[in-house]
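The structure displayed is predicted, hence computed values, not measured ones. Naming: A, B, ... by sequence-line order, numbering from 1 per chain.
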Number of protein chains: 2
Amino acid sequence: MAHSPELLKGTLQTIILKILKDHGKTYGYEITHRVKELSAGSILLTEGALYPTLHRLEAEGLVKTEKVLMGKRVRKYYLLTPEGKSEAKDRVAEFVDFIKTMSTVLQVNIA
Amino acid sequence: MAHSPELLKGTLQTIILKILKDHGKTYGYEITHRVKELSAGSILLTEGALYPTLHRLEAEGLVKTEKVLMGKRVRKYYLLTPEGKSEAKDRVAEFVDFIKTMSTVLQVNIA
DNA sequence: TCATATACCTAATTCAATTAGGTATTATGG
DNA sequence: CCATAATACCTAATTGAATTAGGTATATGA
């Protein structure tokens, strides 16, 4: 079911950037649920990992935020900046490249 | 050329176990060169990463060592224990599973 | 009313990997 | 013949992303 968390390291930013690119503005809690759904439950992005990563991406200028009042609760949407969009594309391409290399090194067929 | 080192995190043990499984007994310096060659220069496994990992695998009982005297120099071969062989298989399978999941999440085709 | 879900967050810790060395032997080009 | 590169082992200190383990508050369904 769930993957070894070791392998997930280094992929969190890529996942989040891609989610934001495909889905447009998304709030934090929603991101964890989208990842869980897309991965059929095998990638469980905890909030302790999510929020620091989002804040890091924001500090790097790759995402920006919009606060929306929902009843008495403030919901914070995250969305890509233009640089974020470009970076999302690059990171995904890099990941594809990486798994191609790894497939060769590990001598496995990805079909 | 070289990949973002972030993505490599968590894959080092898998790479090393697979090299030892395919190649049989191999010494440390040789492992770095095999990985570099197999990856066409895009995975540069430094010795600072390699040796601690090999020692960790040894402590976990997945690899054992054989010292061979080459002239005045001691060469230390690393080879899989039976548990290491089994673990190598499992780790590679896990990695394949992981990239399948990631392909879905990132919506990319691996061909 | 009480647990569960929603929704944001952070502080402390962990631990693999990076950086930056150290030591010594063996080949090789000028 | 000598200096440099290549071979070959290693470790200590640091980094930094992720994990663990919380905290706060609102909304909802049984």
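- Considering only side-chain N and O atoms, B:Arg56 lies under 4.0 angstrom from the phosphate OP1 or OP2 of C:dA17.
- Applying the side-chain contact (heavy atoms from CB on, under 4.5 Å) test between A:Thr53 and each of A:Leu45, A:Ile15, A:Ile16 identifies A:Ile16 as the sole match.
- Distances shorter than 4.0 Å separate some side-chain N or O of A:His55 from OP1 or OP2 on C:dT10.
- Atoms CD (A:Glu6) and C1' (D:dG16) sit 14 Å apart, rounded to a whole Å.
- In terms of position on DNA chain D, the residue among B:Leu54 and A:Leu50 whose nearest nucleotide sits closer to the 5' end is B:Leu54.
- When distances run from any side-chain atom of A:Tyr51 to the nucleotides C:dT10, D:dC9, C:dT18, the shortest one goes to C:dT10.
- Residue-level contact check: A:Glu30 touches neither bases nor backbone, having no heavy atom under 4.0 Å from any strand.
- With C:dC9, D:dA18, C:dT10 as the choices, the nucleotide that has an atom nearest any side-chain atom of A:Ala49 turns out to be D:dA18.
- A:Gly28 comes within 4.0 angstrom of sugar-phosphate atoms only, judged by non-hydrogen atoms across all strands, and of no base.
- When atom types are taken as modelled, the side chain of A:Thr26 and the backbone of A:Gly24 share a donor-acceptor pair closer than 3.5 angstrom.
- In this model, the phosphate group of D:dG16 is not approached by any side-chain N or O of A:Lys9 to a distance below 4.0 Å at OP1 or OP2.
- Here B:Ile43 contributes atom CD1 and B:Thr11 contributes atom OG1; the two are 6.5 Å apart, rounded to the nearest 0.5 Å.
- If you measure from atom NZ of B:Lys76 to atom C1' of C:dT25, you get 17 Å, rounded to the nearest angstrom.
- Dashed line: the shortest gap from a side-chain N or O of A:Tyr27 to OP1 or OP2 of C:dA7 is under 4.0 Å.
- Here D:dT7 presents its P atom at 14 Å from CZ of B:Arg34, a figure rounded to the nearest Å.
- Residue whose closest nucleotide on DNA chain C sits further toward the 5' end, between B:Pro52 and B:Gly71: B:Pro52.
- The aromatic rings of A:Tyr78 and A:His55 sit tilted, their planes meeting at an angle between 30° and 60°.
- We find that NZ of A:Lys36 is positioned 12 Å from C1' of C:dA5, with the value rounded to whole Å.
- B:Lys72 has its NZ atom 6 Å from the P atom of C:dT26, to the nearest Å.
- Of the candidate nucleotides C:dC9, C:dA17, D:dT19, C:dC9 has the atom nearest to the side chain of A:Tyr78.
- Listed nucleotides C:dC8, D:dC10, D:dT7 differ in distance to B:Arg73; the shortest reach to its side chain belongs to D:dT7.
- Between A:Val35 and A:Leu50 there is no side-chain heavy-atom pair separated by less than 4.5 Å.
- Taking atom CD1 on A:Ile15 and atom P on D:dA17, their separation rounds to 16 Å, with Å as the unit.
- Put simply, CD1 on A:Ile43 is 16 Å from C1' on D:dT19, counting in whole angstrom units.
- Residue B:Thr46 has its side chain nearest to C:dT19 when only C:dT19, D:dA17, C:dC9 are considered.
- Counting only heavy atoms from C-beta on, A:Tyr29 has its side chain closest to C:dC8 among C:dC8, D:dA8, C:dT18.
- No side-chain donor-acceptor contact under 3.5 Å links B:Ser86 to the backbone of B:Pro82.
- For the pair A:Ile16 CD1 and D:dA18 C1', the computed distance is 12 Å after rounding to whole Å.
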